[in-house]
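Proteins get letters first, then strands, A, B, ... in listed order; numbering begins at 1 in each. Worth knowing before you read on, the calculation uses all heavy atoms, side chains too, and leaves out hydrogens, waters and symmetry mates.
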Number of protein chains: 2
Amino acid sequence: MAARLLGTAAELFWRNGYAATTTRELSEGLGVQKASLYYHVRKKEDLLYSICVNALTNILSRARDEVSQVSLPEERIRALIRGHLTAMLDDKDQHATMLTELRSLTPKRRREIVSLRDQYERFIEDVIRDAQKAGAIRADIPAKILKLGLLDLLNWAIFWFDGNGELTPKSLADDFTSLYLDGAKRQLQRR
Amino acid sequence: MAARLLGTAAELFWRNGYAATTTRELSEGLGVQKASLYYHVRKKEDLLYSICVNALTNILSRARDEVSQVSLPEERIRALIRGHLTAMLDDKDQHATMLTELRSLTPKRRREIVSLRDQYERFIEDVIRDAQKAGAIRADIPAKILKLGLLDLLNWAIFWFDGNGELTPKSLADDFTSLYLDGAKRQLQRR
DNA sequence: GTCTATAAAGAGATAGAC
DNA sequence: GTCTATCTCTTTATAGAC
């Protein structure tokens, strides 16, 4: 399916919501007639499904790739945050749509996407658990909560991050890495 | 407007999305006829608007209330996290709807709600900035980023927190407070 | 305050020509 | 691969009785 079609769909789905986006708006955005869409796609929902698959396979491979290049447990978490944030913010529309519109998929497809998402979350939790075992990450909070807290911190940024501002995905990754690992409290000697 | 009407609307809006929720489903959920809704409300969007006002005034007063009861800067941040999470998770449907469906409001009303939200965010940023000035919170990351990071951490929990699980809003608040203030890294001596 | 009935508009999707 | 034309269904909202 044409990348432009998915890109335009994601843009509209993210701006106006999947259900509120009409095939008319979509075709206008693409500069074609409504009916032409149905040569590429059988149903409007196919677009949402493809966007979700795209976003998740993309972020998973990007995170895996970054993490695999370093071996120290703490460095692997830094790489994970960098990979997640840059993948997500470089393609905001598709990731935001995936993150917020899952409920609009048919049950079968929703289960499929949730299972992809679970796979990604297991990967993150494993990286954190390994770091706990190595003594680099605190063990008094369960790995599951540490993973959820990390994803909370990173994912919600999609709601306010403005690609045109001064803040870049990389500088945000630096700040959030430091915040996540060291905390917000003032420390006498920062490691 | 009847609280039951808003509660049912929020439940459906959060489960299926505002645009995807029909007045038919809403009336079925309430056990009345579709037309009866329009005695209480002029447009479907009125429901969304009321839900957003409710949620924001509620969380702002709850957070203000908690924070005002303590004076140590660090304690005020702990109170803020507790107040935010308990207010949000005790009324998940309305808060989740407010957090995710702003774009479905008319421009005028959206601006109004965003301004309410800005008011709340300024309050949080002030609490953090005061703590920075008092030397309790690190100053090498701008208060604005510390605020955004905190809201990211707390708000996204609405997507996965399950009120029927073993985790309570209070225990989650404890874990997230510790994570936010002290960080995920293992520390030799925890303060 | 709720009902039955219906208006009026907009939605997703298809048929068939080019 | 895109077009014009159209079908069919669902949507929000209103009129007016009780």
Side-chain angles (χ1 to χ4, degrees), chain A residues 1-54 93-94 97-98 100-110 113, chain B residues 1-54 93-94 97-98 100-110 113:
Chain A
M1 193 176 337
R4 192 167 103 81
L5 177 54
L6 285 191
T8 305
E11 195 181 320
L12 290 169
F13 292 170
W14 172 226
R15 184 160 63 234
N16 304 325
Y18 168 76
T21 299
T22 65
T23 50
R24 169 185 298 243
E25 290 166 326
L26 193 48
S27 67
E28 274 169 9
L30 290 160
V32 297
Q33 290 301 310
K34 244 189 328 161
S36 309
L37 298 174
Y38 291 89
Y39 171 80
H40 302 276
V41 111
R42 214 175 57 81
K43 309 201 286 2
K44 176 183 158 190
E45 189 223 358
D46 293 354
L47 291 166
L48 178 57
Y49 174 72
S50 296
I51 287 167
C52 291
V53 173
N54 261 11
D93 295 331
Q94 293 209 48
T97 298
M98 180 272 290
T100 58
E101 298 287 359
L102 277 192
R103 61 190 171 189
S104 296
L105 289 170
T106 57
K108 185 170 179 292
R109 284 177 154 180
R110 182 165 56 241
I113 299 298
Chain B
M1 191 177 341
R4 193 167 102 81
L5 177 53
L6 284 190
T8 305
E11 197 181 319
L12 289 170
F13 291 170
W14 171 227
R15 185 160 63 233
N16 304 325
Y18 168 76
T21 299
T22 64
T23 50
R24 171 186 296 244
E25 289 168 326
L26 193 49
S27 67
E28 275 171 5
L30 289 160
V32 297
Q33 290 300 310
K34 250 187 321 165
S36 308
L37 298 175
Y38 291 89
Y39 170 80
H40 301 277
V41 111
R42 214 176 56 83
K43 309 201 287 359
K44 177 183 156 190
E45 189 222 358
D46 293 354
L47 291 166
L48 179 57
Y49 174 71
S50 296
I51 286 167
C52 291
V53 173
N54 260 10
D93 295 331
Q94 294 208 48
T97 298
M98 180 272 289
T100 58
E101 299 286 358
L102 277 193
R103 61 190 172 190
S104 296
L105 289 170
T106 57
K108 185 170 179 291
R109 284 178 154 180
R110 182 166 55 241
I113 299 297

Tested for side-chain contact (heavy atoms from CB on, under 4.5 Å) against A:Leu6, the lone hit among A:Thr97, A:Val41, A:Ile51 is A:Ile51
At what angle, to 10 degrees, do the two end axes of the helix from C:dG1-D:dC18 to C:dC18-D:dG1 meet, given five pairs define each axis? 10°
So, is B:Ser36 close to the C:dC3 phosphate, meaning a side-chain N or O under 4.0 Å from OP1 or OP2? yes
Can you pull out the residues from residues 15-35 of chain A that lie within a 4.0 Å heavy-atom distance of DNA chain C? A:Thr21, A:Thr22, A:Thr23, A:Lys34, A:Ala35
Specify the separation, in whole Å, of atom NE2 of B:His40 and atom C1' of D:dT14. 16 Å
Side-chain (B:Lys44) to main-chain (B:Thr22) donor-acceptor, under 3.5 angstrom: no
Give a yes or no on whether the backbone of B:Leu48 and the side-chain of B:Glu101 come within a donor-acceptor separation of less than 3.5 Å. no
In whole angstroms, how far is the C1' atom of D:dT12 from the CG atom of B:Asp46? 13 Å
Just wondering, more than 12 heavy atoms not from A:Arg24 lying within 6.0 Å of its CZ? no
Measure from OH on B:Tyr38 to P on C:dC3 and round the result to the nearest Å. 14 Å
What is the distance, rounded to the nearest whole Å, between atom CZ of A:Arg42 and atom P of C:dA13? 9 Å
Euclidean distance, atom CG of residue A:Leu37 to atom P of D:dG1 [Å, nearest integer]: 14 Å
If you round to the nearest 0.5 Å, how far is CE of A:Met98 from CD1 of A:Ile113? 8.5 Å
Could you give the CD-to-P distance, from B:Glu45 to D:dA13, as a whole number of Å? 9 Å
Distance check, rounded to the nearest 0.5 Å: B:Glu11 atom CD versus B:Asn16 atom CG? 10.0 Å
Whole-Å distance, B:Lys43 NZ to D:dT11 C1', equals 16 Å
For the pair made of CG in B:Leu12 and P in D:dT11, what is the distance, rounded to whole Å? 13 Å
If only atom types and distance count, is the side chain of B:Arg103 paired as donor or acceptor with the main-chain N or O of A:Trp14 below 3.5 Å? yes
Sidechain-backbone polar pair: B:Thr8 side chain, B:Leu5 backbone, donor-acceptor under 3.5 Å: no
B:Tyr49 OH to B:Leu105 CG distance, which is reported to the nearest 0.5 Å: 9.0 Å
